[in-house]
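Take a look at the structure set out below.
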Amino acid sequence: MSHFLLKRFMLMLPTAFGVLVLTFLLVHLVPGDPVEVLLGERALPADRDALREALGLNLPLLQQFWQFIAGVFTLDLGTSLYTKEPVSAMIAERIVPTALLALWAMCFALIVAFPLGIIAAAYKGKWQDKFAISVSLIGFSMPNFWFGPLLMILFGLWLDLLPISGMTDWSSFILPAVTLGLGMAAITSRLIRASLLEALSSDYIRTARAKGVRAQNLMVKHALKNALLPVVTVVFLQAGALLTGAILTEMIFSWPGIGSLLVEALNRRDYMVVQGTVLFIAFVYMLMTLLSDICYALVDPRIRYASEDR
Amino acid sequence: MSLRFYVVLSIALLFTSLLGWQFISAYTSEQMFLDKMMQAPSTDFILGTDELGRDQLIRLSEGVSLSLTVGCIVAVICCVVGTLIGVISGYYKGWIDQLLMRITDVFLSFPGILMAIALAALMGPGITNLIYALCLMGWVGFARLARAQTLMVREQDYVKAAEITGVSQHLVLIKYILPNIAAPLIVEFSFNMAGAMLAEAGLSFLGLGVQAPTASLGAMLREGARYMLVAPHMVLAPGLCLMLLVLALNLLGDALRDKLDVRRIERK
């Protein structure tokens, strides 16, 4: 196992470096001068030079990159051009609301996905299956920046049941979490169905059935247990995806999280905050992929032995 | 014919007639009726008007054609570039494969929509930049798929026979490998286009896409969401259109996958 972990971790290093390069290039090699964008076309040359120096943009590119890397390792992501606060502090402040929202969204997704997937697999080819597949397909195709407003109109405006913006008590979590979790619910339920069907067609299920195991027991104790493998890993992968989905969801619901920090920074053209937030989200995403692989190896020994053979 | 077929067909018919509306509509998409702002649907304005008193139906029609155009352009570029990279990687192997696949890995570990948002924002809003940004995130799926398929096909006897009889490598790639890896790529094209259209609308929703006064589904949703408490009709129609378009493409992809008998190679 330690061999696998080490190998997987080493594989991540070039990728992590690539993500750093890509984030750096996003801000530094994009056509157009950030200073001009920030100050406008009619700014005085002296002002431009001063800002360029303050941002370190007058240094050679490699040196800028070195400073950027050094900064990342000391958790110094620069200061905001707008509020003059350190970017890492701004991000730290927003982590909890986003993490809570993602957690709620995940709970919602799993609560919906399991019954849907199990019913679809149990009634394969019947109307229940078709219904479940249609629901998940619609959920999968639903843009969350439309689903959010729909929920707001229905539950906020017409029924007047739930708050529609900001983070207050538990009821304010419901609409954003449902909006964010919908896509994950759809994907996970499809996966649960597919992996249950595969498990149900295997020999040990036939044996169990021949021995006279009751249908419910067969489903829950024998099939579902084995079908859970791929689901567990996808949950981690989806958690990474939730973070990017949160950008739009948070904007719609005025949620005080990382996503709305990014959107605010984009609107103010606050390059340092954009760079820091993008880097943060990309790293969390990468971490989730890593966790998903590790989790897979933990629950399925075949993966780690395959990696040791090579 | 299956239910899926009829759903796709009716969505296609619906959108054909919506696109055709551009030619017979009495209004243009930029014509403002300032005395009729944010009106609910009526006989004059079938889908109502927006916050500047513009006819929603004609704007919707133009938004849909923009969405389809952008989705199609992005998917074609991604398909060509990604397939090229994947086929080269899988056919020649060696260091070039290693290099291309490491680059692909970096792009894979970077959430696509995040990169598109950052790029579009930093390059400045506008349709060309939007297309660049979407292409940069979309080619990876094609590259992985094309590489995996090429690795499989190049071991087939007919490819080996061609190589032994002296057919040049380029010809082998074009005449023997490409046609045999096309089926899964066609399926991927459908999903990719759906993804591109969703991403385009998402970016326009953030104000990073097409600029006013051009109509786009994302921008209409953005305005609609702003006024949704007073004029809910503004947010309903564009979102429904977007969802139906994406749904139809996903259904089409599913149907093609069953028809062409390909098991989609998952991204991870």
Side-chain angles (χ1 to χ4, degrees), chain A residues 11-12 14-19 21-23 26-27 30-32 34 37 130 134 137-138 140-150 152-153 156-158 164 233-234 237 240-241 243-245 247-248 251-252 262-263 265-267 269 271 274-275 277-278 281-282 285-286 289-290 292-293, chain B residues 3-4 7 102-103 105-115 117-124 129 136 194 197-199 201-208 217-218 221-222 224-226 228-230 232 234-236 238-251 254 266-268:
Chain A
L11 266 178
M12 204 183 85
T15 319
F17 183 73
V19 167
V21 174
L22 215 62
T23 318
L26 271 182
V27 176
V30 155
V37 177
K130 282 177 184 143
S134 313
L137 201 70
I138 290 173
F140 184 65
S141 309
M142 181 84 83
N144 59 6
F145 49 92
W146 185 51
F147 190 53
L150 276 190
M152 288 161 97
I153 291 176
L157 187 66
W158 290 348
I164 57 171
T233 59
V234 163
L237 282 183
L243 208 62
T244 50
I247 299 173
L248 286 167
M251 178 192 160
I252 295 165
L262 178 65
V263 175
L266 285 174
N267 290 337
R269 305 208 150 265
Y271 287 88
V274 172
Q275 181 178 277
T277 326
V278 167
I281 298 179
Y285 191 82
M286 218 160 62
T289 321
L290 179 74
S292 137
D293 280 5
Chain B
L3 177 70
R4 199 156 57 184
V7 173
R102 285 294 86 77
I103 296 177
D105 280 348
V106 174
F107 275 86
L108 256 187
S109 57
F110 212 100
I113 187 77
L114 178 72
M115 180 155 59
I117 289 176
L119 255 184
L122 296 168
M123 291 194 297
N129 290 346
L136 207 63
M197 287 172 59
L198 261 184
L203 289 182
S204 298
F205 185 80
L206 287 173
L208 299 171
L217 292 180
L221 274 169
R222 178 188 171 85
R226 186 174 294 165
M228 83 189 153
L229 298 182
V230 265
M234 276 173 65
V235 79
L236 292 178
L240 187 66
C241 276
L242 182 63
M243 195 205 82
L244 285 178
L245 281 172
V246 173
L247 182 70
L249 281 168
N250 282 335
L251 276 173
D254 276 353
E266 293 300 331
R267 284 195 147 192
K268 196 69 202 181

Looking at [options], which makes the most heavy-atom pairs under 4.5 Å with chain B?
{"options": "Val21(A), Leu137(A), Ile252(A)", "value": "Leu137(A)"}
{"options": "Phe17(A), Phe145(A), Phe140(A)", "value": "Phe145(A)"}
{"options": "Asn144(A), Leu150(A), Leu266(A)", "value": "Leu266(A)"}
{"options": "Pro143(A), Gly240(A), Gly18(A), Gly245(A)", "value": "Pro143(A)"}

Proximal component of [X], with respect to chain A [non-hydrogen, under 4.5 Å]:
{"X": "Leu247(B)", "answer": "both"}
{"X": "Leu221(B)", "answer": "side chain"}
{"X": "Asn129(B)", "answer": "neither"}
{"X": "Leu240(B)", "answer": "both"}
{"X": "Ala201(B)", "answer": "both"}
{"X": "Leu244(B)", "answer": "neither"}

Which of Leu249(B), Leu206(B), Ile113(B), Ile117(B) touches chain A most, by non-hydrogen pairs under 4.5 Å = Leu206(B)
Between Leu236(B), Val7(B), Leu245(B), Ile103(B), which residue shows the highest count of heavy-atom pairs closer than 4.5 Å to chain A?
-> Leu236(B)
Please examine the side chains of Leu262(A) and Met251(A), heavy atoms only from C-beta on, and report whether any two atoms are closer than 4.5 Å.
-> no
Distance from [X] atom [atom1] to [Y] atom [atom2], nearest 0.5 Å?
{"X": "Tyr285(A)", "Y": "Leu237(A)", "atom1": "OH", "atom2": "CG", "value": "7.0 Å"}
{"X": "Met115(B)", "Y": "Ile281(A)", "atom1": "CE", "atom2": "CD1", "value": "13.5 Å"}
{"X": "Leu242(B)", "Y": "Leu217(B)", "atom1": "CG", "atom2": "CG", "value": "5.5 Å"}

Using heavy-atom distances under 4.5 Å, tell me whether [X] contacts chain B through its side chain, its backbone, both, or neither.
{"X": "Val278(A)", "answer": "both"}
{"X": "Met12(A)", "answer": "neither"}
{"X": "Leu243(A)", "answer": "neither"}

Nearest heavy-atom neighbours spanning [X] and [Y]:
{"X": "Met243(B)", "Y": "Ser141(A)", "answer": "CG-O, 3.6 Å"}
{"X": "Ala282(A)", "Y": "Pro111(B)", "answer": "CA-CD, 4.1 Å"}
{"X": "Phe205(B)", "Y": "Leu248(A)", "answer": "CD2-CD2, 3.6 Å"}
{"X": "Leu22(A)", "Y": "Phe107(B)", "answer": "CD1-CZ, 4.2 Å"}
{"X": "Thr23(A)", "Y": "Gln275(A)", "answer": "CG2-O, 3.6 Å"}

